[in-house]
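Numbered from 1 within each chain, the chains take letters A, B, ... in sequence-line order.
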2 protein chains.
Amino acid sequence: MVGTRKFNEEKVLDIAVDVFSRKGFNATTMLDLAEETGVQRGSLYNAYQNKNVLFFKAFSHYTDNFLMFIEKELQNSDAKKAFTQLLKTVVERLCNDKEVRGCFSTRAIMEAAQKCPDIQLCLTRFLDGLEVIMKNRLEQAIKDKQFIGDAQATARYLVALTRGIAVIERVYNDKDRMTEVYQTALEYMPFKQVL
Amino acid sequence: MVGTRKFNEEKVLDIAVDVFSRKGFNATTMLDLAEETGVQRGSLYNAYQNKNVLFFKAFSHYTDNFLMFIEKELQNSDAKKAFTQLLKTVVERLCNDKEVRGCFSTRAIMEAAQKCPDIQLCLTRFLDGLEVIMKNRLEQAIKDKQFIGDAQATARYLVALTRGIAVIERVYNDKDRMTEVYQTALEYMPFKQVL
DNA sequence: ATTATTTTTGACAAGTATGTCAAAGATGAC
DNA sequence: GTCATCTTTGACATACTTGTCAAAAATAAT
């Protein structure tokens with residue numbers, strides 16, 4: 001390539017995620033993004049065609065990271081502990097002050113998706129990914145006799161639950177309440193203790 | 001009163017809820033609202049001071065209706081059936097084509113709340129209301145020996161679950177999936193069959 | 001019927017956001 | 001070092017949104 005891009009795309013996308021998280025899709029302007037990334041508005045228009053595309057790239061970047069991150073949390077050999085750890089981490093990420101983002105994807109769903117079919121697709125890919133990760137772990141748990149139930153249905157149920165917890169974060173901003181929710185859910189799930 | 005308002009406030013709020021539901025808070029302009037309600041923009045500014053206030057009124061109107069509506073669904077004397085009916089109705093409302101709104105409150109949470117503390121308050125009131133309705137029914141169920149568990153924690157858990165289902169609607173727009181989610185949840189809950 | 005009061009109307013000004021473009025600046029390939 | 005090619009920059013035109021206001025219209029109370 002000849003005229004090389006000056007700005008660090010990785011960084012720009014990270015910052016974009018942050019800005020979109022704070023202000024929401026519609027309320028974020030290209031000027032906001034330019035100011036916070038330090039990249040001129042014109043450059044952003046040159047690199048991405050418009051806000052939709054930029055958002056799409058930023059969102060994909062975010063969800064890819066998130067899924068990779070979350071998968072590691074299910075490694076505990078005890079299924080119930082594994083899912084407890086997963087949900088604990090989800091809650092922690094949602095409440096993390098530094099990344100004050102609440103749930104980026106939930107906001108995206110509510111705002112950006114209807115304006116851009118690509119984003120809608122990207123969202124289903126994300127939740128499908130989350131579902132698969134959990135389904136696989138549940139199937140393992142069934143093999144290990146640590147869980148009795150339908151892995152597929154339960155995974156979908158858990159995906160919904162994590163979305164619900166993300167909403168609770170927005171309304172109450174109360175980590176204890178979020179913790180209570182997932183603990184109640186886990187208590188009710190048909191895990192079996194293997195001694 | 002002397003100079004009487006011409007437009008029907010009830011109708012305007014209903015339409016406003018509809019418009020906000022479709023476009024979202026930020027993307028809805030006062031002009032949109034004026035056009036769809038048939039009330040001039042100036043009139044809206046006169047009656048409500050700005051979009052925030054108008055939204056607040058519309059939102060309160062919506063949640064009041066919703067809570068009254070939902071409470072009736074828990075009347076079945078069998079607790080599990082009562083909650084099944086409740087969740088079924090929630091899903092049906094979310095998927096109702098005529099009111100194509102998805103979940104108005106979830107959108108509100110994600111968009112409007114951060115701009116207006118009043119709306120944030122209104123939202124917690126709404127979810128608190130939902131929680132109380134479910135908690136009361138659960139306490140009854142405990143008395144009736146139809147449920148064993150913590151009514152408070154379970155109510156909060158169920159509130160989160162309904163929020164999650166609302167998000168699922170937005171992403172997948174698939175009633176069967178939503179039904180599967182609440183059925184899985186209910187299956188896992190410690191209801192007792194009373195013969 | 002008149003009055004006092006409020007709503008309605010349409011126009012206006014100010015501010016904000018978008019998308020485009022030509023000129024200037026960089027840089028890898030040769 | 002020169003060239004070809006892409007990026008950066010800042011300015012521009014366009015469009016949209018908001019909020020305000022004065023004049024006109026409407027109406028309940030007297």
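Checked against the 6.0 Å centroid threshold, B:F55 and B:F104 count as a close aromatic pair.
Atom CD of B:E71 has 12 or fewer neighbouring heavy atoms from other residues, nucleotides or ligands inside a 6.0 Å radius.
Computed from coordinates, the B:Y48 OH to C:dT8 C1' distance equals 14 Å when rounded to whole Å. Distance B:L31 CG to C:dC12 C1': 16 Å, rounded to the nearest Å. One interatomic measurement links the two molecules: CG of A:L54 to P of C:dG19, which rounds to 11 Å at whole-angstrom precision. Atom CG in B:N26 sits about 12 Å away from atom P in C:dT18, given to the nearest Å. For the pair A:M30 CE and D:dT8 P, the computed distance is 13 Å after rounding to whole Å. In this structure, B:D32 places its CG atom 13 Å from C1' of D:dT18, rounding to the nearest Å. Rounded to whole Å, the distance from CZ on B:F55 to P on D:dT18 is 14 Å. Put simply, OH on B:Y45 is 5 Å from C1' on D:dG19, counting in whole angstrom units.
For A:F7, the listed nucleotide lying nearest its side chain is D:dT8; candidates were C:dT8, C:dG19, D:dT8. The B:N50 side chain lies nearest to D:dG19 when the options are D:dT8, D:dT18, D:dG19.
Cation-pi contact between B:K51 and B:F20: absent, since separation from the ring centre below 6.0 Å together with deviation from the ring axis within 45° is not met.
Placement of A:F69 and A:V159 within a single hydrophobic cluster is found when ILVMFWY residues are connected by side-chain heavy-atom separations under 4.5 Å, directly or transitively.
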Identify all pairs in which a protein N or O lies below 3.5 Å from an N or O of nucleotides 9-15 of chain D, and state each distance.
unit_1 : atom_1 : unit_2 : atom_2 : d
D:dG10 : OP2    : A:Q40  : NE2    : 2.2

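B:F83 CZ to B:N76 CG: the interatomic distance, rounded to the nearest 0.5 Å, is 11.5 Å. Atom CG in A:N8 sits 14.0 Å away from atom NZ in A:K6 (nearest 0.5 Å).
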